[in-house]
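Following: one structure in structure tokens, then a few remarks.
Position 1 is the first residue of the sequence; numbering continues from there.
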Amino acid sequence: MYTSEEKTKIERIITAFQQHIAAACNEYGQPACEIVWLEQLQCYLYVNNYSSTDRITGVDLGVSPVESAKELYWEIMFDIVQKEYHRYNFQNMRREQITKEMLEQAEKEITIAVEPYLTVLPEYRETGIEIIEEFTKLYQA
């Protein structure tokens with residue numbers, strides 16, 4: 001399914017995010033995501049656990065084939081940035097309550113939090129920054 005170059009790029013991203021993937025969990029301590037290699041199909045699957053309970057059912061799992069390294073980077077970074085923004089509780093505030101200063105501070109802190117990923121994978125840095133900026137736009141009044 002992949003060229004050898006693309007598979008190497010995907011594996012580099014998996015390695016860069018390995019600690020996040022191993023540690024990411026929902027509020028019940030269940031793994032939040034996993035990347036699985038399917039030998040017979042010669043492809044990776046990105047598995048998300050969307051469960052909001054203490055059990056996992058079939059409807060809780062989102063499974064998608066990894067098409068490219070850039071796509072995998074986007075999926076994982078999006079998840080990290082989303083969780084970082086949720087720490088600020090913007091999703092539970094009215095837009096008029098969220099000030100420009102609050103958003104600027106959150107964007108700055110989130111950029112610092114994801115800097116290790118932006119540094120170790122510099123070719124995707126611009127994509128990572130775009131994801132952060134997209135979340136900031138979501139919460140702007």
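- With rounding to the nearest 0.5 angstrom, the NE2 atom of His20 is 13.0 Å from the CD1 atom of Ile14.
- Annotation: the span from Glu107 atom CD to Ile112 atom CD1 amounts to 11.5 Å, rounded to 0.5 Å.
- Side-chain contact check for Met93 versus Met102: some heavy-atom pair is nearer than 4.5 Å.
- Contact of the Gln91 side chain with the His86 side chain is registered, since non-hydrogen atoms from C-beta on lie closer than 4.5 Å.
- The distance from the CD atom of Glu96 to the CD1 atom of Ile98 is 9.0 Å, given to the nearest 0.5 Å.
- When ring centroids are compared, Phe135 and Phe78 come within the 6.0 Å threshold.
- Contact check for Glu115 versus Arg125: side-chain heavy atoms found under the 4.5 Å cut-off.
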Sequence neighbours left out, cut at 3.5 Å: what donor-acceptor pairs do the side chains of residues 35-45 make with other protein atoms?
residue	atom	partner	partner atom	Å
Trp37	NE1	Glu39	OE1	2.9
Glu39	OE2	Gln42	NE2	3.0
Gln42	NE2	Glu39	O	2.7
Tyr44	OH	Glu11	OE2	2.9

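- Residues meeting the side chain to side chain donor-acceptor pair (under 3.5 Å) test with Lys83, sequence neighbours left out: Asp79.
- In this view, Arg55 satisfies the side chain to side chain donor-acceptor pair (under 3.5 Å) rule with no residue, not counting sequence neighbours.
- Rounded to the nearest 0.5 angstrom, Glu6 CD and Lys70 NZ are separated by 11.0 Å.
- Residues satisfying the salt bridge (charged side-chain N to carboxylate O under 4.0 Å, His left out) criterion with Glu71, sequence neighbours excluded, are absent altogether.
- Taking both residues in full, the closest heavy atoms of Gly29 and Cys25 are given as C-CB, 3.9 Å, listed atom of the first, atom of the second, then distance.
- We find that Lys9 and Glu5 are joined by a salt bridge, their nearest charged nitrogen and carboxylate oxygen being less than 4.0 Å apart.
- Across all non-hydrogen atoms, the minimal contact from Ser68 to Ile10 is C-CG1, 4.0 Å.
- Residues forming a ring-ring contact (aromatic ring centres under 6.0 Å, His included) with Tyr88 (at least two apart in sequence, or on another chain): Phe90.
- The structure places CD of Glu109 at 12.0 Å from CD1 of Ile132, a figure rounded to the nearest 0.5 Å.
- Using a distance-only test at 3.5 Å, with no hydrogens or angles considered, a donor-acceptor pair links the side chain of Asn49 to the main chain of Ser51.
- Between Ile76 atom CD1 and Ile21 atom CD1 the span is 4.0 Å, to the nearest 0.5 Å.
- Of the possible polar contacts, one joining the Tyr2 side chain to the Val66 backbone as a donor-acceptor pair under 3.5 Å is found.
- Annotation: side chain of Thr127 is in contact with side chain of Trp74 (closest heavy-atom distance under 4.5 Å).
- Scored by the side-chain contact (heavy atoms from CB on, under 4.5 Å) test, Glu101 finds Thr99 as partners (sequence neighbours excluded).
- If you chain together hydrophobic residues whose side chains sit under 4.5 Å apart, Leu103 and Leu138 fall into the same group.
- Looking at every heavy atom in both residues, Asn48 comes nearest to Cys33 through OD1-CB, 3.7 Å.
- Looking only at side-chain heavy atoms (C-beta outward), Ile13 and Tyr124 come within less than 4.5 Å of each other.
- Counting heavy atoms from C-beta outward, Lys100 and Gln140 have side chains that stay 4.5 Å or more apart.
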**Asked** Going through the distances and angles, do Tyr73 and Phe17 end up as a ring-ring contact (aromatic ring centres under 6.0 Å, His included)?
**Response** CA-CA 9 Å; Tyr73 176 89; Phe17 286 106; 5.7 Å; yes
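- Residues Thr136 and Tyr85 have side chains that bring a donor and an acceptor to within less than 3.5 angstrom of each other.
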